[in-house]
Amino acid sequence: MHPKAGTIMSLFHTTPGYISGEHLSRELGVSRSAVWKHMSALRKEGYCIEAFPSRGYRLVSSPDIINPYEVRTQLKDSRVGCRLKFSKLTASTNADAFRLAEEGAAEGTVVLADSQTGGKGRRGRVWSSPAGVNLYCSVILRPSIMPQEAPQLTFLSAVAAARAIELTTKLTPEIKWPNDLLVSGKKVAGLLNEMSAETDCINFVILGIGVNLNMSAELFPDDLRHPATSLLIESGVRVDRSLFTATMLNQLDRLYADFLAHGFGPVREEWQRRCNANGRQVLVNDSGTECTGGLFIGIDSDGAMLLRSDNDKLHRITCGDVRVI
Ligand code: BTN
């Protein structure tokens, strides 16, 4: 998008009603016919813009694209989202963010893409990333914490994504340990943290967040290990992708500020409240044959799940497939 068109979008988002051609030409420092040309270009990109000779221009609707200008204008003046990088197509936003972080990108830089050819999932799996429907996002953080505390940050992104779903839809997501977001028991979002660290300090952490927003059932691959869904499938309503992105980044910013000021406690408490295993009996299949059962007690400071079995023994679970019974 042309930078002047970006300014027009910012003005549309901050000005209610019509904006006169004269005001726009003054704000942009261009002639009124140049304003008209920018409006035509925006209409070609799918924006519906009404023009009334006596009143000026009004934005009626935006296309279903993640537009960095629209995201930026809806972000609070905050650390997360201080820089936004957007591409239509990339291999993986996590890989891009990792490279940018190695090159010195600032904390809070966010990498967004409309589609990914090699979206990375946990345990070397592929994250299905078709164009025009979902959110693929990676955030660079540089916290002064010990490397073993880094898993705590995944819990921040899970809570931020859960809050964003609640704020933009009528759905109530649940979190499944370690960090899947479920709606009606099906996976709607996945999180992948990557880190560069020394023995005693973190250089940076990449929070990778993928949320299935407007994906239709036929776009899901056939070979999924667990049932998956999207917000559109569950609610029947399309999500405004830029609004969802900005809402989630604003929540992540608040959670991260809280984390730096007060530690892991507050986010751990909210995460546990939102967890599908909260107060329930679970079975963990840790190696394909071994099963551990018990009452879900909570999560440890390194993200391990704590279970109390019938004989009162406390178990720390660091990996495995969890089933609530
Ligand atoms: C999982 O397996 O559940 C984690 C999926 C994480 C996917 C997101 S999409 C944005 C970011 N870029 C990637 O390549 N992966 C993460």
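Whatever order the structure lists ligands and atoms in, that order sets their numbers, starting from 1. Small disclaimer: the values here were computed from a predicted structure and weren't measured.
- The six-membered or imidazole ring of F264 lies near that of F155, with a centre-to-centre distance under 6.0 Å.
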Could you list the donor-acceptor pairs under 3.5 angstrom formed between side-chain atoms of residues 190-198 and any protein atom two or more places apart in sequence or on another chain?
residue: N193; atom: ND2; partner: T154; partner atom: OG1; Å: 2.8
residue: E194; atom: OE1; partner: N94; partner atom: ND2; Å: 2.9
residue: E194; atom: OE1; partner: K120; partner atom: NZ; Å: 3.2
residue: E194; atom: OE2; partner: K120; partner atom: NZ; Å: 3.0
residue: S196; atom: OG; partner: N203; partner atom: ND2; Å: 2.9
residue: E198; atom: OE2; partner: N203; partner atom: ND2; Å: 3.1

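- Residues lining ligand 1 at a heavy-atom distance below 4.0 Å are given as S92, T93, N94, Q116, G119, K120, G121, R122, W127, Y136, C137, S138, D180, K187, G190, L191, L192, G208, I209, G210, ordered by chain and residue number.
- Electrostatic pairing of K186 and E234 counts as a salt bridge here, judged by a charged N lying under 4.0 Å from a carboxylate O.
- Between R316 and D300, at least one side-chain N (NZ, or NE/NH1/NH2) sits under 4.0 Å from a carboxylate O, which counts as a salt bridge.
- Results of the side-chain contact (heavy atoms from CB on, under 4.5 Å) test with Q74 over L243, T247, L249, T245 single out L243 as the only residue that passes.
- Residues I140 and I206 meet the side-chain proximity criterion, which asks for heavy atoms closer than 4.5 Å.
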